[in-house]
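The block underneath contains the structure these notes are about, expressed in structure tokens.
Only a predicted model underlies this, so the values are computations on that prediction, with no experimental measurement involved. Below, chains carry the letters A, B, ... as their sequence lines are ordered, and counting in each starts from 1. Computed over heavy atoms, backbone and side chain alike; hydrogens, waters and symmetry mates excluded.
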Number of protein chains: 2
Amino acid sequence: MSNVINESGILAISTRLQRLADSLRKDGQQIYKAHGIDFEPKWFPVIYTLHLKDTMSVMEIAAEIGYTHPSTISLLKELEKQKLIRSRKDRQDERKRLLTLSEKGQELVQQMLPVWKRMEKALTALTNTTNNLMAAIAEVEAQMEEKGFYERERGIR
Amino acid sequence: MSNVINESGILAISTRLQRLADSLRKDGQQIYKAHGIDFEPKWFPVIYTLHLKDTMSVMEIAAEIGYTHPSTISLLKELEKQKLIRSRKDRQDERKRLLTLSEKGQELVQQMLPVWKRMEKALTALTNTTNNLMAAIAEVEAQMEEKGFYERERGIR
DNA sequence: TGTATTTATGTAGTCAACTACGTAGTTTTA
DNA sequence: TAAAACTACGTAGTTGACTACATAAATACA
């Protein structure tokens, strides 16, 4: 752990958030690997979405997972290459491309469900401290919704 | 805000951390701009370190800010181009390159000190909710130190 | 109806971190 | 004291997100 980042306190908060996110993502990667599952943590939002909703367009998925559409498109491209999802044109609206899980994708989800349960337990144990991280994130997101960092700084007397 | 990311709960925690980090960094950028200061939030750890320690080698800075040395080198290169820092070889050990703030760098720090104060206030207001985010991060970091996400998942019965 | 606007998708290039690997001094040791 | 090992620094290429721009289909409106 770094000295300056701790001592400079809250000013380095985005660096610390980033670092925490990175190491959780990397551990996630290792966990799938240890279970013999060929899956990247970054695929989770798309796969989980299609598991719940069955058929969605590119823009719908992007909105649902909260990514920009270019990022979403590149994820979808990767998942299609992995044969985890399939796409077809919408007959009603030919601008749209509709995505669904493939057979392989559905099987993979079934295989991952118990692993997701285990991950949830581990993450809960990890983050359920005096100040709960998930709750803290939700609270800060709500605060930002109300008034962002920029507006708040501008408002300091 | 995204539905799936919220509903899938803790499994998407790294995505949410990342997103929060990004938006704080972007707002930081805007704040410097609004104060007419030509400064990137990512430069903060290096500049703050050199402000405190005066003279350090590349590896010392990397260790201090907790980045890998290639990342640090590219930051230093940028800062040298901006003329905010200066470098010279170490006479004792010619492998080492010693960095210090330039005149311009020192002046910039003086200009930024009050802005950092304001940012601290705004960030404190933003994050000081029921579950304090800074405290939660520190607690989770400590938990990870003790036993990481990977080890915890492996240990689930 | 044909033109303007909006919407859905795609492409190119950027950014800030990383890992892997290479080179050149320094230190240790047989 | 020369070879081996280590340390400091640098470069190249990757990753996973982004913004800006382009295109094509659908819709609105004069």
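For residues 72-97 of chain B, no residue pair satisfies the ring-ring contact (aromatic ring centres under 6.0 Å, His included) rule, not counting sequence neighbours.
For B/Gln106 (side chain) and B/Glu103 (main-chain N/O), no donor-acceptor pair under 3.5 Å exists by modelled atom type. Side-chain N or O atoms of A/Asn131 include none that pairs as donor or acceptor with a backbone N or O of B/Asn131 at under 3.5 Å.
Between A/Lys96 and A/Gln18, the residue anchored closer to the 5' end of DNA chain C is A/Lys96, taking for each the nucleotide with the nearest heavy atom. Both B/Lys26 and B/Ile73 sit near DNA chain D, but only B/Ile73 has its closest nucleotide nearer the 5' end. Mapping A/Arg95 and A/Ser74 onto DNA chain D via the closest heavy atom, the residue that lands nearer the 5' end is A/Ser74.
Taking the six-membered ring for Trp, B/Tyr48 and B/Trp43 have ring centres at least 6.0 Å apart.
Whole-Å rounding puts the A/Leu17 CG to D/dG16 P distance at 20 Å. Remark: C1' of D/dG16 and CG of B/Asp22 are 10 Å apart, rounded to the nearest angstrom. In this structure, CG of B/Leu79 is placed 12 Å from P of C/dA16, rounded to the nearest angstrom. D/dG16 atom P lies 6 Å from atom CD of A/Glu40, rounded to whole Å. Computed from coordinates, the B/Gln29 CD to D/dC18 P distance equals 15 Å when rounded to whole Å. What separates CG of A/Leu99 from C1' of C/dG10 is a distance of 14 Å, to the nearest Å. Remark: P of C/dA17 and NZ of B/Lys77 are 15 Å apart, rounded to the nearest angstrom. Nucleotide D/dG16 holds its P atom 20 Å from the NE2 atom of A/His69, rounded to whole Å.
Residue contacts shown for A/Lys89 are absent, as no nucleic acid heavy atom lies under 4.0 Å away. Within the 4.0 angstrom heavy-atom criterion, no nucleotide atom of any strand lies near B/Glu60. Within the nucleic acid shown, B/Gln92 comes within 4.0 Å of sugar-phosphate atoms alone, with no base atom in reach, counting heavy atoms only.
Taking every side-chain heavy atom of B/Met59 into account, D/dA8 is the closest of D/dA8, C/dT19, D/dT19. Distance from the side chain of B/Glu94 is smallest for C/dG25 among the nucleotides C/dG25, C/dA16, D/dA17. Nearest to the side-chain atoms of B/Asp93 among the listed nucleotides C/dG25, C/dT19, D/dA24 stands C/dG25. Of the candidates C/dA17, D/dA17, C/dG10, C/dG10 carries the atom nearest the A/Val58 side chain, counting heavy atoms from C-beta on.
Of the charged side-chain nitrogens involved, at least one lies within less than 4.0 Å of a carboxylate oxygen, so that A/Asp22 and A/Arg25 count as a salt-bridged pair. Contact check on B/Lys33 versus B/Glu40 returns no salt bridge, with no Lys/Arg side-chain nitrogen under 4.0 Å from an Asp/Glu carboxylate oxygen.
When side chains are defined from C-beta on, A/Ile137 does not count as touching A/Leu17, because their heavy atoms never get closer than 4.5 Å.
Contact check, A/Ser57 against C/dA8: no side-chain N or O comes under 4.0 Å of OP1 or OP2. OP1 or OP2 of D/dC18 has at least one side-chain nitrogen or oxygen of A/Thr68 nearer than 4.0 Å. Listed pair B/Tyr67 / C/dA17 meets the phosphate criterion, a side-chain N or O lying under 4.0 Å from OP1 or OP2.
Base pairing in DNA chain C gives the following stems of 3 or more Watson-Crick or G-U pairs, range against range and under 3.5 Å: C:1-30 with D:1-30.
Around NZ of B/Lys83, the count of heavy atoms belonging to other residues, nucleotides or ligands within 6.0 Å does not exceed 12.
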